[in-house]
**Q** 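Below is a structure I'd like to ask you about.
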Amino acid sequence: METYAQLVPLVVLIPLVGMLINVFWGARLGGRWPGIIGSTAAILAFIVSGLLYFYLIGNDYRAVVVNPPFLNAWISIPSGDMFIPWQMRVDTLSVTMMLVVTGVGSLIHIYAIGYMLGDSRYARFFAYLNLFLVFMLVLVTGNNFLMMFVGWEGVGLCSYLLIGFWFDKARGEGWKNSNAARKAMIVNRIGDFGLLMGIFLIFWTFGTLDYFTPGEIANPHLAEELALEAEHAAEAEAAAVEGEAAPEGEQAAEGEVVAEAAVIEGEAAPEGEQAVEGEGVAEAAVIEGEEGHGGEAAVVYTNNDHIPTEMLGVFGKTERLLEEGGHIVNFGPFSLPFETVLVLITLFMLVGATGKSAQIPLFIWLPDAMAGPTPVSALIHAATMVTAGVYMMVRSNVFYYNADLTSLIVTLVGAGTALVAGFIAIGQWDIKRVLAYSTISQLGFMVAAVGIGAYSAAMFHLVTHAFFKALLFLSSGSVIHGMEHGHHHVHEHGHGHHDDTPFDPQDMRNMGGLRRKMPVTYRVYLIGTLALAGIFPFAGFWSKDEILADSWLVGLFDNNVGGYIALGLLLLAAFFTAFYMWRQMEMVFYGQPRTEAAEHAQESGPVMTWPLVGLAILSVFGGFMNTPENVLGLDGIFGAHRFTYFLEHSVVHAHAAEFQPVIALGALALALFAFFAARTIYGAGHALVRGSRDPLAVRPETSPIWRLAHARLYWDETYFRLFENPFNRTAKFLADTLDWAFWHDYFHNTVLRNGFDALGQFLSKPVDLGLIDGIVNGIGRLARWLAGRLRGVQTGYVRTYAVTVLLGVVLVIVILLLPLFTQAGGG
Amino acid sequence: MEAVSTPTLTSVVLFIPLVSMFIILLLREDTQSEYIRWGALIGSLLTFAASILLWLSYDPAQPGLQMAQRSTWIALSATDATYNISYYVGVDGLSLLLVILTTFIMPLAILSSFRSHVLVERGREKLYYAFMLLLEWAMIGVFVAQDLFLFYIFWEVTLVPMYFLIGIWGAEERIYAAVKFFLYTMAGSILMLLAILFVGTQAQSFALPDIIAKVQANPDLFPFGGLFSTQSFLFLGFLIAFAIKVPVWPLHSWLPDAHVQAPTAGSVILAGVLLKMGTYGIVRFCLPLFPQASIEWAPIVSVLAIIGIIYGAWVSYAQTDVKKLVAYSSVSHLGFVVLGIFALNSQGIQGGILQMVNHGISTGGLFLLVGMLYERRHTKAMSAYGGIWKVMPVFGGISLVIALSSMGLPGLNGFVGEFTILLGTFGSPYLGFFFALFATLGVILAAVYILYMFQKVFMGEVDKEENKNLPALHWQELAVLIPIVIVIFWIGLQPGTFFGAMDASVNQLVTQVTSAASNVVMR
């Protein structure tokens with residue numbers, strides 16, 4: 001089992017190979033082969049991730065750091081004490097992400113085999129998808145912030161390429177697509193700027209960018225706790241053997257914990273770990289030597305106290321420094337208390353997160369990103385890449401936990417985004433755009449969870465959201481596919497009139513009644529809707545409830561106002577969620593078909609529907625991986641807080657939230673009420689009124705609000721006015737006026753040239769009068785001559801000119817050297 | 001390693017181009033043009049091979065000069081001392097990579113000229129390739145010269161072939177551009193010459209290692225008393241000459257002219273190597289000769305560098321001529337290099353040197369790409385293109401890689417340089433947080449102009465008839481681009497090869513600067 005961990009480079013290498021095959025030979029293979037190769041790579045990567053999972057299970061969740069083959073250290077500057085390795089980390093957090101990325105990724109790859117078939121750049125599509133997996137897996141497996149940054153920008157690149165995948169579509173569509181791609185990349189770069197600044201701060205604060213050094217225990221609190229429990233268990237067992245029969249029920253209740261602890265004791269020797277962790281060996285040996293242990297004696301560390309501060313990773317060091325207290329960090333010309341530095345670091349990292357995870361104020365790129373093919377929207381812009389910001393903050397939970405100010409800001413950003421995006425979603429017509437805003441909103445839930453310190457709830461929601469949002473996007477892709485099919489059908493059979501007005505298969509106004517045409521898609525879409533809205537017992541119910549419960553508890557017990565704010569805003573956002581989702585159900589699936597295309601829509605083929613069914617199953621049952629205690633006895637079947645306990649091994653401040661029946665029932669009731677409201681407004685054939693208007697837009701009391709949502713709160717327009725337009729105008733001004741007209745033409749060609757001329761005139765006169773000695777004479781002639789030449793430049797003899805200039809230079813040199821020679825002669 | 005008077009590998013690398021030039025000059029233009037072309041290519045390839053040998057024989061653990069050769073050239077003796085001007089060449093960690101860069105770029109530039117229509121139109125092929133080789137000789141000379149005078153001579157010689165390359169084979173306004181290029185650089189050079197003479201007489205030597213040793217022994221050799229004192233003036237004398245070459249904002253006005261008017265190979269060499277002579281000069285001369293002045297002026301020069309980073313990128317974004325866009329991007333990129341150098345710590349300077357190489361590769365590559373487009377469409381206006389990626393998929397893919405490298409995408413070369421520079425700036429005792437903050441904004445702006453360019457040229461529909469049937473890449477064009485792509489990935493993933501070569505030398509330099517400065521403070 002130990003060796004499984006060594007496989008981690010494969011999760012990156014396999015998709016890389018898949019990509020290379022598709023880049024160089026994909027187009028030549030033709031048919032479905034590129035899709036099959038891409039999917040196989042994704043599935044193999046998933047299998048490797050699964051092996052890594054079993055490695056963790058089998059080795060009491062012990063994290064391993066692996067140096068990938070072929071690569072040496074990355075940026076290493078010994079004289080600057082800078083060492084940034086290529087190093088991969090297998091721990092419960094990274095494996096969780098790997099499983100989600102490759103698992104959901106595999107299903108989406110398979111789906112895309114069908115969805116993208118017939119595209120002229122079929123092979124390139126799968127090359128990009130695999131490249132995305134490569135970068136995403138680098139992002140989650142890296143053991144330092146810079147590797148995360150590689151993945152971070154790399155996935156941004158793939159996002160750019162895939163949003164602009166149809167860059168050459170006719171009627172200006174291609175240009176729009178490439179605009180969307182560029183916008184995504186640039187907005188993300190603004191975020192990356194923040195992340196980079198955070199990384200600089202981290203480096204100069206800690207002297208390293210490594211999360212944890214090899215051999216370091218990520219969560220020493222947990223390790224100590226488990227060791228203690230193991231001791232107790234051993235005692236209890238001993239007592240049991242002696243015949244004082246311990247009550248069996250109690251033992252069973254502790255069940256898992258005991259078993260875990262026992263494993264720790266049983267496999268006491270950390271040899272495997274040492275062998276795995278190259279560098280760790282030397283380190284550990286030195287430490288053991290110092291403490292006087294024999295080389296053979298296996299020491300089980302339950303904390304990191306034996307590691308000197310400078311050998312710890314950033315998180316271990318943070319805890320150590322905070323424990324010691326009173327540290328001041330020096331940055332070049334100024335210095336700050338350590339606690340303030342943490343706030344700065346986390347704030348800068350938050351800027352990064354708002355870019356990648358589409359939060360206020362940088363969320364504006366994600367809705368436009370829907371220009372990409374739908375599998376891309378599902379994989380990159382819903383399930384995985386956009387959660388990178390959440391992953392980063394959870395990974396850095398030690399920072400965020402200790403930066404109260406940032407945490408409050410994170411809460412406000414997250415909850416605010418959840419609400420704003422949820423609100424905007426109710427006014428959109430485009431089926432994918434609704435889902436895009438929904439994604440932003442759900443990411444807001446996760447970010448808010450990080451803000452209130454509910455790190456495991458954030459990750460839990462990340463995972464379940466990946467299931468049901470990927471499901472919804474892929475189903476919407478199936479709908480779009482079906483609609484396009486219907487549209488072609490209409491054209492081919494001469495039903496409609498042959499006009500060239502572009503048909504938008506994504507506009508929900510063109511749909512309706514698809515329930516009967518696309519039964520599988522309908523069912524899975526319904527499951528996705530229920531899961532997203534947080535209906536019991538679907539996946540979203542459990543994860544969303546944990547966030548809500550946590551905010552409530554944080555407000556109540558930590559007296560943290562952020563908790564109440566989060567709870568209020570998120571509840572409202574949850575209401576909008578249920579509302580826009582049911583609005584969508586009504587407009588797309590219920591009622592009567594509103595166009596001929598919808599009339600002739602067709603269910604997609606099995607290669608597309610089977611992945612949907614897979615995701616639907618996950619969306620139904622996914623929530624049970626982290627069921628709370630004492631809810632209808634479910635914890636008896638699925639165990640309680642299993643996911644949280646899993647994460648705890650790498651997320652120091654993860655904690656399980658108690659189930660709050662009031663909150664859960666309240667949220668459930670709210671969602672059902674929203675369903676009911678949407679059903680009342682849009683149901684029974686009222687999806688659209690007066691042709692193509694939203695019922696809410698027609699009613700005078702709701703019309704202004706709906707319009708605001710429809711106009712996306714004028715957010716893009718405001719940005720355009722505040723930033724984009726001034727930026728472009730300044731660019732034009734700088735380039736045309738300041739740099740060219742003034743600096744290039746006026747200053748150089750007029751001022752300098754005339755000045756030179758005048759100087760030459762001035763200097764030549766005294767020369768004629770013989771008042772100035774030889775040196776000035778030479779310079780003056782040169783100057784006058786140069787000026788004259790400049791004037792006559794257009795007609796001058798180029799080569800003669802250059803040669804004479806050279807001669808002039810030689811002359812000057814000789815003149816300047818003369819004193820030396822005379823000195824030499826004198827000596 | 002002691003300098004010897006017998007030729008070393010350094011001299012071999014230096015003189016292969018010159019010998020090749022003379023051989024080419026012996027050939028007949030009318031009947032042997034094939035030989036001329038291939039001769040030039042082979043000459044530059046041999047130089048490259050020799051420089052690789054130089055790299056392999058270089059011991060990265062030693063900070064000092066290696067494979068050095070020193071022979072007295074002009075003996076000057078005064079009453080109490082001798083000031084010899086010598087042929088003194090050698091390489092250390094500061095110059096090695098730039099020599100390699102030069103010898104790497106030159107064959108690519110020469111090969112890319114094979115298919116240039118300007119050469120066909122204007123003829124004089126023999127002269128063209130002779131100038132190319134002369135230029136290579138002078139550029140290598142600049143990087144290996146260890147005598148101030150020898151350096152100055154090579155520095156000036158580089159002007160001549162470049163002047164003619166622009167002036168004879170350039171675009172419409174070539175003569176204006178050539179003269180401006182020449183005069184601008186000359187103006188700076190004269191200041192440098194004065195400073196060299198002063199330094200030489202004061203130190204009673206023109207050999208750089210000797211003078212540095214004297215500065216280390218006696219920090220008051222060039223008296224320092226603030227921003228405006230003897231040492232500072234000498235520092236500025238060198239710096240202005242170098243700053244014009246870099247070019248540091250606001251001395252960049254010659255650059256867009258020279259770049260836009262130069263033939264493709266000229267632009268490639270200009271961006272790839274010539275500009276680095278300026279930044280290299282700062283590292284080689286300004287820092288070790290005038291340590292206190294360097295420290296004192298560091299914040300001011302860095303402000304100019306940061307203005308250059310932002311201004312260059314911003315102006316670049318508003319261009320309609322693709323070549324001009326790339327030209328202004330150089331102002332931005334080299335701002336990073338200068339900033340890194342004046343961080344005056346290991347990260348900054350090593351990042352700076354690596355970024356010189358990176359910029360040579362990426363921007364050189366961009367100019368090659370522009371040249372290839374120009375050969376097909378005879379226009380540099382971005383509006384004439386659009387959707388080229390669809391027409392020329394391989395070309396589009398390679399362009400994407402090179403554009404991303406120029407943009408600083410992690411995993412590619414540009415990022416490693418920029419990151420280390422910015423990290424160094426952040427941690428520099430002379431610069432710090434706000435310098436890093438503003439410079440990092442350049443990272444955003446780089447994305448703005450590069451992606452704009454890429455979109456304009458490569459994305460969108462193919463709506464222009466002329467663009468619909470562009471020929472795919474010729475194998476010679478591929479042969480030019482593939483080495484660049486390989487190096488882009490190599491530096492991006494394993495920069496250790498390059499940092500390792502300079503670590504010891506840079507460390508020594510940083511120690512020299514900081515110790516000389518602290519000596520003064522202690523008194």
Side-chain angles (χ1 to χ4, degrees), chain A residues 71-80 82 149-150 153-154 157 164 167-170 174-175 178 182 185-186 189-190 192-193 196-197 200 203-204 331-334 730-732 734-736 739 743-744 748 786 790 793-794 798-799 801-802 805-806 809 812-813 816 820-821 823-824 826-827, chain B residues 76-79 156 160 163 167 175-176 178-179 182-183 186 190 193 197 250 253 311 314-315 317-319 345-347 350 387 389-390 404 409-411 416 420 422-423 426-429 431-433 436-437 440-441 443-444 447-448 451 455 459-462 493-496 499 503 506-507:
Chain A
L71 288 175
N72 298 318
W74 187 18
I75 300 179
S76 153
I77 299 181
S79 62
M82 181 171 171
F149 193 72
V150 173
E153 285 236 314
L157 164 70
F167 62 82
D168 54 348
K169 267 195 178 176
W175 188 249
S178 38
R182 183 160 60 100
M185 188 91 152
I186 288 170
R189 271 255 156 160
I190 298 172
D192 297 351
F193 154 79
L196 262 184
M197 288 301 291
F200 298 148
F203 181 84
W204 291 107
F331 298 105
F334 67 101
T730 315
K732 269 272 167 267
L734 287 179
D736 297 346
D739 198 80
W743 192 238
H744 181 272
H748 282 87
L786 285 179
L790 250 181
V793 119
Q794 310 289 345
V798 189
R799 273 168 297 161
Y801 168 63
V805 170
L806 249 199
V809 174
V812 173
I813 295 175
L816 289 171
L820 276 180
F821 282 105
Q823 254 186 330
Chain B
L76 302 168
S77 58
T79 41
E156 291 296 293
V160 180
Y163 170 82
I175 294 178
Y176 169 82
V179 172
F182 202 103
L183 283 183
M186 278 294 298
I190 285 168
L193 181 62
L197 289 174
S253 178
Y311 180 92
W314 214 333
V315 169
Y317 171 60
Q319 300 304 322
N345 54 17
S346 275
Q347 284 93 345
Q350 294 201 25
W389 203 356
K390 190 186 168 79
L404 292 172
L409 189 87
V416 180
T420 12
L422 292 170
L423 191 84
F426 197 111
S428 164
L431 306 176
F433 179 82
L437 185 83
T440 310
L441 287 177
V443 172
I444 303 176
V448 172
L451 294 180
Q455 185 184 355
M459 294 166 107
E461 283 171 74
V462 194
L493 296 172
Q494 295 285 269
F499 282 133
D503 194 60
V506 170
N507 192 29

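No hydrogens, no waters, no symmetry mates; every other heavy atom, side chains included, goes into these values. Quick note on labels: first sequence line is chain A, next is B, and so on, each numbered from 1.
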**Q** At a 4.5 Å cut-off on heavy atoms, which part of B/S428 comes close to chain A: side chain, backbone, both, or neither?
**A** backbone

**Q** Flag the pair A/D739 / B/W314 as yes when at least one side-chain heavy-atom distance between them is below 4.5 Å, and no otherwise.
**A**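 When only atoms from C-beta onward are counted, B/W314 and A/D739 do not touch, as no gap falls below 4.5 Å.
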
**Q** Do you know which two heavy atoms are closest between B/Q319 and A/A735, and how far apart they sit?
**A** NE2-CB, 3.6 Å

**Q** Checking A/W743 against chain B: side chain, backbone, both or neither under 4.5 Å from a heavy atom?
**A** both

**Q** What's the spacing between B/L423 CG and A/I75 CD1 if we round to 0.5 Å?
**A** 8.5 Å

**Q** What part of B/Q350 gets closer than 4.5 Å to chain A, counting heavy atoms only: side chain, backbone, both or neither?
**A** side chain

**Q** Under 4.5 Å from any heavy atom of chain A, what part of B/F499 do you find: side chain, backbone, both or neither?
**A** side chain

**Q** For each of A/I190, A/D192, A/D736, tally heavy-atom pairs with chain B at distances under 4.5 Å, and name the one with the top tally.
**A** A/I190

**Q** For A/L71, is it the side chain, the backbone, both, or neither that has a heavy atom closer than 4.5 Å to a heavy atom of chain B?
**A** both

**Q** Are any non-hydrogen side-chain atoms of A/F167 and B/E461 less than 4.5 angstrom apart?
**A**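 No, their side chains stay 4.5 Å or more apart.
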
**Q** Name the region of B/F433, side chain, backbone, both or neither, that has any atom closer than 4.5 Å to a heavy atom of chain A.
**A** both

**Q** With a 4.5 Å cut-off on heavy-atom pairs, point out which of A/M185, A/M82, A/H748 contacts chain B the most.
**A** A/H748

**Q** Is chain A contacted by the side chain of B/V448, its backbone, both, or neither, given a heavy-atom distance below 4.5 Å?
**A** both

**Q** Given that the side chain runs from C-beta out, which part of A/F200 has a heavy atom under 4.5 Å from chain B: side chain, backbone, both or neither?
**A**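 For A/F200, heavy atoms of backbone and side chain both lie under 4.5 Å from chain B.
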
**Q** Check each atom of A/S76 against the heavy atoms of chain B and say whether the ones under 4.5 Å are side chain, backbone, both or neither.
**A**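 The backbone, not the side chain.
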
**Q** Pick one of side chain, backbone, both or neither for B/L422, based on which atoms fall under 4.5 Å of a heavy atom in chain A.
**A**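 Both backbone and side chain of B/L422 come within 4.5 Å of chain A.
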
**Q** Would you check if A/D168 and B/M459 make a side-chain contact, meaning some heavy-atom pair closer than 4.5 Å?
**A** no

**Q** Decide yes or no for B/F426 and A/M197: does some side-chain heavy atom of the first lie under 4.5 Å from some side-chain heavy atom of the second?
**A**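 Yes, close enough: below the 4.5 Å cut-off.
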
**Q** Quick one: which of B/V506, B/V462, B/L493 has the most heavy-atom pairs under 4.5 Å with chain A, could you say?
**A** B/L493

**Q** What heavy-atom pair brings B/V416 and A/W74 nearest, and what distance separates the two atoms?
**A**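 Of all heavy-atom pairs spanning B/V416 and A/W74, the closest is CG2-NE1, 4.1 Å.
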
**Q** So for A/A73, is it side chain, backbone, both, or neither that comes closer than 4.5 Å to the heavy atoms of chain B?
**A**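 It is the backbone, since no side chain atom gets that close.
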
**Q** Can you name the nearest heavy-atom pair linking B/G460 to A/S178, along with the distance?
**A** N-OG, 4.1 Å

**Q** Please rank B/L437, B/T420, B/L431 by heavy-atom pairs under 4.5 Å with chain A and give me the top one.
**A**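 Of B/L437, B/T420, B/L431, B/L437 has the most heavy-atom pairs under 4.5 Å with chain A.
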
**Q** In terms of heavy-atom pairs under 4.5 Å with chain A, which of B/A447, B/G427, B/G496, B/P495 leads?
**A** B/G427

**Q** Write down the atom of B/A318, the atom of A/K732, and the distance for their closest heavy-atom approach.
**A**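 Closest pair (atom of B/A318, atom of A/K732, distance): O-NZ, 3.0 Å.
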
**Q** Do B/V443 and A/F193 have side chains that get closer than 4.5 Å, going by heavy atoms?
**A** no

**Q** Checking heavy atoms, do the side chain of A/K169, its backbone, both or neither come under 4.5 Å from chain B?
**A** backbone

